[in-house]
There are 2 protein chains.
Amino acid sequence: MANSDEKTKASSENQPIDTRSRILSAAFRLFRKHGYHGVGLNDILAAASAPKGSLYHHFPGGKEEIGVAVVAEITRGILALFGASRAKKTSTVLMQVGEQMSATIERTNHEICTLFTAFLAERSASPKLGEAVANAYAEMTLAIEARLKQDGFAARAAKERAATVVMLLEGGAMIAQAQQSVAPFSLALKHAASLCERDD
Amino acid sequence: MANSDEKTKASSENQPIDTRSRILSAAFRLFRKHGYHGVGLNDILAAASAPKGSLYHHFPGGKEEIGVAVVAEITRGILALFGASRAKKTSTVLMQVGEQMSATIERTNHEICTLFTAFLAERSASPKLGEAVANAYAEMTLAIEARLKQDGFAARAAKERAATVVMLLEGGAMIAQAQQSVAPFSLALKHAASLCERDD
DNA sequence: ACAAGAATAGACCGACCGGTCTAGAGAATG
DNA sequence: CATTCTCTAGACCGGTCGGTCTATTCTTGT
């Protein structure tokens, strides 16, 4: 069920992407630009060139399930970045991650709605989505916290700084979008990186 | 209907609030809980106990005009807080403002969608709203920056720290909402205040 | 008292929302 | 070939969206 990367329609490198993936990435792009409520299923379908039947086949839970899946996908990506290159200092890795985010912000004409902001407002309407977002933040913070401890920070300091870093990234990305400029995000990133240095 | 025991707008102290104000504050409360798109005009009308005719009489621009007005109202409130008590140190004032925000966060069961997050996603659909939000951030930052200069910070440092403070407040409030706890916001506030001390 | 504007009131509209349902295309089994 | 399952396809549904419209009630100036 997961992959059909053998047989007729697919050698492992096929250009026409899986319908499910197409829906997911279209939803991702639209959500971060217009917010969760600002995107209709028909918008997603049109962007993904898929009919409604396919959508409800792959995501029986409908729009909400898509939202949760997108949040999970983003989280997975971020964690992968922080999980890699354990040898390097946290501040170094953070700067690298930040550069990548900066590039995305610029590439998308500052249309990146912050990591999870697009879904935050739905907390009241959809517990599942709210939970997914809360979880995402928690996992991100935990990952950074673990690295900082490894860098030699005391437990409490690591926890506080990790949390502050996440806030800075979120706030920075948000204001960057509002102001249509990467500058605020870069500033936040710089500050966050310095927070990850022990001799602060 | 509801109230007719006073001369309309003439008497400045009437308990039954002006319809326009009722609509505005209802919209404010709903927007921050559900986001701009998450709230329908009928929701606002019901919460304000007003009919549609009144809404379009006071806000001919419809929902968008209401959104802009709400953003302006929030900004006005924040600026008033920072404008007052010029004598005190900025960090002190910041802590006071923060306490007030913390109280609001707790009182509303952490339903405070960050200051302007609720409107950010509409940037793409409504230039006016986007502009209003960008303006709001700029004004806030400028107000803090001015205070920091007055506290003796160099121009560049004042600008950067002011921007960082705003990011921290936004990010902190956002994560506080996601995690359903004031703790993250308090942490952000603490860090922001220390940024406003010269011997950092 | 009376005219005129401000404000209230809600029925009504077309568009779109998320979601359901039935039908068919395509490959994998016997 | 017949069957079966996955997946595609889109017409269709009731409900709600933001917005317009006309009618009526207050308030105020004269």
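So you know, we letter chains A, B, ... as the sequences are listed, proteins then strands, and number each from 1.
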Check: Does the side chain of B:R161 come within less than 4.5 Å of B:C196's, by heavy atoms?
Finding: no

Margin query: Rounded to whole Å, how long is the line connecting atom CG of A:N42 with atom P of D:dA9?
Written below: 15 Å

Checklist line | B:H34 and A:S124 side chains, donor-acceptor separation under 3.5 Å | finding: yes

Next item on the list: Return no unless some side-chain N or O of A:T19 is found under 4.0 Å from OP1 or OP2 of D:dT8.
Entry: yes

Notebook entry, point to check: Think B:R29 forms a cation-pi with B:F31, using NZ or CZ under 6.0 Å from the six-ring centre and within 45 degrees of its axis?
Noted result: no

Margin query: Which residues in residues 64-74 of chain B have a heavy atom closer than 4.0 Å to any atom of DNA chain C?
Written below: none

Check: In whole angstroms, how far is the C1' atom of D:dC17 from the NE2 atom of B:H34?
Finding: 16 Å

Item checked: Spacing between B:D18 atom CG and C:dA6 atom P, to the nearest angstrom -> 15 Å

Check: With a distance cut-off below 6.0 Å to the six-membered ring centre and an angular limit of 45° from the axis, does A:K33 pair with A:F28 as a cation-pi contact?
Finding: no

Item checked: Close approaches to DNA chain D from residues 44-63 of chain A, in residue order (heavy atom, under 4.0 Å) -> A:P51, A:K52, A:G53, A:S54, A:H57, A:H58

Notebook entry, point to check: Quick one: A:D43 CG to C:dG19 P, roughly how many Å, whole number?
Noted result: 14 Å

Checklist line | Greater than 12 external heavy atoms within 6.0 Å of B:E131's CD | finding: no

Margin query: Just the rounded figure in Å: distance from C1' of C:dG19 to CD1 of A:I23.
Written below: 14 Å

Checklist line | For A:D43, side chain to side chain contact (heavy atoms under 4.5 Å, CB included) partners two or more places apart | finding: A:L30, A:V39

Notebook entry, point to check: Given atom CG of A:L41 and atom C1' of C:dC21, what is their separation to the nearest angstrom?
Noted result: 16 Å

Checklist line | Check against side-chain hydrogen bond (donor to acceptor under 3.5 Å, both in side chains), A:T75 and A:E139 | finding: CA-CA 8 Å; A:T75 310; A:E139 284 192 55; 6.0 Å; no

Notebook entry, point to check: Would you say the side-chain atoms of A:R198 pair up with the backbone N or O of A:G152, donor to acceptor, closer than 3.5 Å?
Noted result: no

